[in-house]
Each structure stands twice: as structure tokens, then as C-alpha cells.
Peer 1: 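One structure is given below, represented as C-alpha cells, and several questions about it will come after.
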Amino acid sequence: MNIKRTDIDALNALLTLTVEKADYQEQVDKLLADYRKTANIPGFRKGHVPASLIRKKYRTPILVEEINKMIQQQLNEYITKEELELLGNPLPKAQEDINWDADDFTFEFELGIAPQFDVDVKGKKTITHYDIKTDDDTLNRQIDRIREQYGKLIAKDTVAEGNEVTGVFRNDDEDINSDATFKTDKIKGKTNLKKFVGSKVGDTLELKTKSLFEDDHDLMNFLKVEHDKAHGLDIKVTFEITEVNERELAEMNQEFFDKLFGPGVISSKEELMERLREDAGRQFSQQTDQKLLTDVTEGLIENTKFDLPADFLKRWIANSGENPMTEEEAAAEYERSEKGLRYQLIESKILKTNPDLQLKFEELKDYSRTQIKAQMAQYGHTDASDEEIDGVVARIMQNQEEVKRMSEQLQNEKMLQFFKDNAKLKKKELTYEEFIKEAYES
């Protein structure tokens, strides 16, 4: 088989494969002979079907299958030998009806070539690496919420500020009949709050939904209406009060601390605040790390300039799935996936030029072992033997889906650390509320 490569430009090439009779004849003849031995055709004894009839009936499908196998094998060998970096897979060019009675055949395949480019991780633009600090006021509010959660409910006849009110919202025209429980501090405005305070169990209040709660999401949840409908909803509803409770905060004593973290782990408010600060730090670091990874990724995509064989990729997308796409559908899919493809190429370039970032099997096993120890510790199993842990690791490493999940997780962690070490970053300390506003609402 002869393979000829014609470069159309830096990103597109054409492979021409010429299959001659000598390439396939011996294997096709062998398969036809095997078919003759086993063919079951009416009017002939098995093994005695005329060779001419076998050839007429089976030669073309056998020839097509063998040539397809040869082409696939030769393509793979050629791509490996030439060290071609391709996007997508070789795409066969459409041909008129092939004369399978001919001796020689020619096939053409389009190739999309990966672009050559350099990656500047440091870049010109400084990226903010957020550091969320938990102040004492925030921790004290969190402690109060925990004390409420573990405190006692004291039934009341009359609503006072800060009470928990249970009742039923109704509006027959809008088909609203919804049970709800909420604290009065969720109510927006003095006028609305005044309607609740002083009301008694059994009273029915007439309310307007517009600006009833501080958050429209509360309106959605309490009235059981869809998100879009809840936003700006302006109707009249009634609210029948069925229950009023005051939450008495749990005492800050050893019994309370033991309920939270186990016997003797925490013994004072100061220790509790420090523990909550550490827990919040771990939780916040996950969010700030994800934000950093997103921002660095976006920056790399924006600043790393290279062309793609877009027309080839659109044709490949149109023909590579189970169901062929139209040109318009393939173009839309390309637009959706282009940014992800660009980052895949950038990440591959970074991994290629920084071998230490590439995952090794032993490294993955160690990572798995660390994860397992942490999970066991969460459930109080802190004295697991090395043999026990290694047994769990061995089972996990035999699970392909689990190995893939951990590989992606570890690779992300290594890439994140690489960006922290090499990207142009500036640290910014702020509260969680400030972080949410600046990072996601601006």
C-alpha cells in the first residue's frame, strides 16, 4: 500500500492511499477458501459449493472489509511513524460509486493538523488570587445559627419579632395553597413586619407578594411558584397562621460542644471559633482555587493566539457522531466547543513542556491512599492498617471510572499548583460576602 501526503497549508493535509491487488489478494483468497468449506447453500453439499459461486456471492463484502482493515491499520501506523498531531480523526473524502471489480483502489483522507504555538503562563495581565478571611462577627453569627439549630422550640400564641411562623399561603386564582415556615427576619419592610407582629395563631393576614420577602427565592420556595414567576410577582395572598415558635438558643456548654464535634474535642467558645475558622478556610479555599483556575484558564485562552482548521473540524463534527449533522448544526456545535478545544491544546502543550506535571501510576496510587485515609478519618476510622488501606487502593485502581475521576482530580490539583507558582498573581484579602460580590456579581 502506498501513502502520499499533500500539505494544503499548515493546518490541513490530504493523505492519498493506493491499494493494489497484491496488497489484499492473498488474504481475500484465503477467506474465500474458508467460506467455501463452511458455506451452507441450498443445492450443494457443505464444502462442495463451486468456487465461482462463492466468489460471486462473497468476494465483494470480504474485499470491502479487508481493505477497510488495511486502511485503518496503515493510517494508524503512518500517523504514529510521522508523529502527526491531529485534531479529530482522518476524514474520508466522499467518492462516487467504487468499482469493487477493479484491481487497484485509491482513497483520500483529510487531516486536521494541530497548530504550533507557545504558551506564556505568566502573561502580561495580573490575575487576582482571592483569600477569604473569616472575621469574628461572621463566626459569631454562625455560632448563633448553630445554637438555634440545637436549641429548643417554645410554642407561642402571639407573633413577636424573631419568632418562627408556620402557616398556609393561599390564592385561588393562582392555584396557590402552600405550607410555609419562616422567621420574621425574612420579611421585608416595616409595613409587612407590622402585620405579623402581634398576630395570633388562627389569624389570617392579607398580604401583597411584591417586596414581601428580602429574597425573591424565598417567595419562590414558600409559595411553591416557578423561579421566573416569583421574580417581580405582584398579587394578593392570604396567610393563615397555624403555629408560632420561639427558638431558645442552646447553651454554650460542654454538652453542646460534644454534640458538634464529639466528646472532649472542643471545650470553649474560643476553641469553637478557631475550629469554625479552619473549616471555613478549607471550604473557602476550594471556591477561591476554582475561581483562580477559571480566571487563569480564561486568560490563557484569550492570550494564546493560534489558528484552528475550523472548516475541517466542522466537517468532522458533522460526520463523526452516530447521527450525521447538518452544516448549521455542526457549525453551532463547533462554536460551543471551540473554547474547550483551545484549552485542551494549551494544557497539552503545558504538560508536554513540563514533564513533572504528567501523572505517574505510583503518584496516582499515593493520591488514592491519601483520599482513602481522609475518608476513613471522617467516619472515625483513624487506625486503619497499611494492609487494609492498600487493599482498598487495589480495588479502586481496578475500577476504570474511579481511576479516571481521580486522575482528572489530581491533574487539576497539579495544574492549579503550577499556575500558583508560575502565573502572574496578586493576592487580595476580603470577606466571603465581598468575594461573592466582586467575583460573581460584577
Peer 1: Please determine whether side-chain contact (heavy atoms from CB on, under 4.5 Å) holds for the pair M70 and Q27, giving the CA-CA distance in whole Å, both sets of side-chain angles, and the decisive distance to 0.1 Å.
Peer 2: CA-CA 11 Å; M70 291 175 59; Q27 180 64 12; over 6 Å; no

Peer 1: Backbone N or O of K124 within a donor-acceptor pair of the K424 side chain at under 3.5 Å?
Peer 2: yes

Peer 1: Any sub-3.5 Å donor-acceptor pair from S407's side-chain atoms to V403's backbone N or O?
Peer 2: yes

Peer 1: Any donor and acceptor pair, going by atom type alone, linking the side chain of K125 with main-chain N or O of K122 inside 3.5 Å?
Peer 2: no

Peer 1: Do I187 and K195 make a side-chain contact, defined as non-hydrogen atoms from C-beta onward lying under 4.5 Å apart?
Peer 2: no

Peer 1: Would you call D131 and K133 a salt bridge, using N to O less than 4.0 angstrom?
Peer 2: yes

Peer 1: Main chain of D9, side chain of N12: is a donor-acceptor contact present, judged purely on distance under 3.5 Å?
Peer 2: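 No: the side chain of N12 does not pair with the backbone of D9.
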
Peer 1: Given K414, which of E363, Q358, Q409 fulfils the side-chain hydrogen bond (donor to acceptor under 3.5 Å, both in side chains) condition?
Peer 2: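 Only one option passes, and that is E363.
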
Peer 1: Would you say Q411 and M415 make side-chain contact, with heavy atoms under 4.5 Å?
Peer 2: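 Yes; the side chains approach each other to less than 4.5 Å.
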
Peer 1: Locate the shortest heavy-atom distance separating K360 from D356; write the atom from each residue and the value.
Peer 2: NZ-O, 4.5 Å

Peer 1: Applying side-chain hydrogen bond (donor to acceptor under 3.5 Å, both in side chains) between S267 and each of E270, E271, K269, report the one that passes.
Peer 2: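 The passing option is E271.
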
Peer 1: Using modelled atom types only, decide if a donor and an acceptor are shared between the side chain of S199 and the backbone of F196 within a distance under 3.5 Å.
Peer 2: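 It does hold such a pair.
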
Peer 1: Does any donor atom in the side chain of Q254 or D258 lie under 3.5 Å from an acceptor atom in the other side chain?
Peer 2: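 A pair is found: one side chain offers a donor N or O, the other an acceptor, under 3.5 Å apart.
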
Peer 1: Which heavy atom of E438 sits nearest a heavy atom of Y130, and at what distance?
Peer 2: OE2-OH, 3.1 Å

Peer 1: Would E408 and N412 count as a side-chain hydrogen bond (donor to acceptor under 3.5 Å, both in side chains) here? Give the steps.
Peer 2: CA-CA 6 Å; E408 291 174 351; N412 280 340; over 6 Å; no

Peer 1: Evaluate salt bridge (charged side-chain N to carboxylate O under 4.0 Å, His left out) for E433 paired with K437, printing each intermediate quantity in order.
Peer 2: CA-CA 6 Å; E433 289 76 13; K437 186 173 183 179; over 6 Å; no

Peer 1: Any salt bridge between D136 and R277, counting N to O under 4.0 Å?
Peer 2: yes

Peer 1: May I ask you to decide whether E148 forms a salt bridge with R247, counting only side-chain N to carboxylate O separations under 4.0 Å?
Peer 2: no

Peer 1: May I ask you to decide whether K291 forms a salt bridge with D295, counting only side-chain N to carboxylate O separations under 4.0 Å?
Peer 2: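 Result for this pair is yes, salt bridge flagged.
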
Peer 1: If I compare all heavy atoms of D185 with all of E214, which pair ends up nearest, and what's the gap?
Peer 2: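 Minimum heavy-atom separation between D185 and E214: O-CG, 4.4 Å.
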
Peer 1: Less than 4.5 Å apart, side chain to side chain, heavy atoms only: is that true for L292 and F419?
Peer 2: no

Peer 1: Do F109 and Y78 have their ring centres less than 6.0 Å from each other?
Peer 2: no

Peer 1: For the pair T184 (side chain) and E161 (backbone), establish whether a donor and an acceptor sit closer than 3.5 Å, ignoring hydrogens and angles.
Peer 2: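 Not confirmed, T184 side chain does not pair with E161 backbone.
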
Peer 1: Taking 4.0 angstrom as the limit, do E26 and K30 come out as a salt bridge?
Peer 2: no

Peer 1: Main chain of I301, side chain of T304: is a donor-acceptor contact present, judged purely on distance under 3.5 Å?
Peer 2: no

Peer 1: Could you go through the salt bridge (charged side-chain N to carboxylate O under 4.0 Å, His left out) check for E401 and K404 one step at a time?
Peer 2: CA-CA 5 Å; E401 289 187 5; K404 180 182 178 183; over 6 Å; no

Peer 1: Distance-only, no hydrogens or angles: does the D135 side chain make a donor-acceptor pair with backbone N or O of T431 under 3.5 Å?
Peer 2: no

Peer 1: Determine whether Q142 and M273 make a side-chain contact, defined as any pair of heavy atoms from C-beta on separated by less than 4.5 Å.
Peer 2: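 Contact flag for Q142/M273 side chains = no.
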
Peer 1: Does a side chain donor of either N68 or Q72 reach within less than 3.5 Å of an acceptor in the other side chain?
Peer 2: no

Peer 1: Is R342 salt-bridged to E338, going by a charged N under 4.0 Å from an acidic O?
Peer 2: yes

Peer 1: Quick check: does any side chain N or O of Q95 sit under 3.5 Å from a backbone N or O of T106, one acting as donor and the other as acceptor?
Peer 2: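 Indeed, once roles are kept as given, a pair shorter than 3.5 Å links the two residues.
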
Peer 1: side-chain hydrogen bond (donor to acceptor under 3.5 Å, both in side chains) for S337 and E333? Distances and angles first, verdict last.
Peer 2: CA-CA 6 Å; S337 59; E333 180 61 28; 4.6 Å; no

Peer 1: Please tell me if the side chains of M376 and V392 come closer than 4.5 Å, counting only heavy atoms from C-beta onward.
Peer 2: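 Answer yes - side chains close enough.
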
Peer 1: Run L300 and I350 through side-chain contact (heavy atoms from CB on, under 4.5 Å) and show every step you take.
Peer 2: CA-CA 11 Å; L300 285 171; I350 293 172; 4.2 Å; yes

Peer 1: Ignoring hydrogens, what is the shortest heavy-atom contact between I113 and L87? Give both atom names and the distance.
Peer 2: O-CD1, 4.2 Å

Peer 1: Would you check, one step at a time, whether the test side-chain contact (heavy atoms from CB on, under 4.5 Å) holds for N89 with W316?
Peer 2: CA-CA 8 Å; N89 295 316; W316 178 72; 3.8 Å; yes

Peer 1: Is R369 paired with D390 through a side-chain N to carboxylate O contact shorter than 4.0 Å?
Peer 2: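 The answer is yes: the pair qualifies as a salt bridge.
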
Peer 1: Are side-chain heavy atoms of Q73 and M1 found at a separation under 4.5 Å?
Peer 2: no

Peer 1: Aromatic ring centroids of F222 and F169 under 6.0 Å?
Peer 2: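 Not close enough - the centres of the two rings lie 6.0 Å or further apart.
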
Peer 1: Search all heavy atoms of D144 against all heavy atoms of L249 and return the closest pair with its distance.
Peer 2: O-CD2, 3.9 Å

Peer 1: For the ring pair F182 and F213, is the centre-to-centre distance below 6.0 Å?
Peer 2: yes

Peer 1: Give a yes or no on whether the backbone of I396 and the side-chain of N399 come within a donor-acceptor separation of less than 3.5 Å.
Peer 2: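 The answer is no, because no donor-acceptor pair under 3.5 Å joins these two groups.
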
Peer 1: Test H129 against D289 for side-chain contact (heavy atoms from CB on, under 4.5 Å), laying out the working first.
Peer 2: CA-CA 8 Å; H129 184 195; D289 282 350; 3.8 Å; yes

Peer 1: Can you see which heavy atom on A330 is nearest to which on K314, and at what distance?
Peer 2: CB-O, 3.3 Å

Peer 1: In the structure I gave you, are the side-chain heavy atoms of Q149 and R145 within less than 4.5 Å of one another anywhere?
Peer 2: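 Contact flag for Q149/R145 side chains = no.
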
Peer 1: When you check the gap from the basic side-chain N to the acidic O, do D279 and R275 get nearer than 4.0 Å?
Peer 2: yes

Peer 1: Is there side-chain contact between Q286 and R282, with heavy atoms separated by less than 4.5 Å?
Peer 2: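 Of all side-chain heavy-atom pairs linking R282 with Q286, none is under 4.5 Å.
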
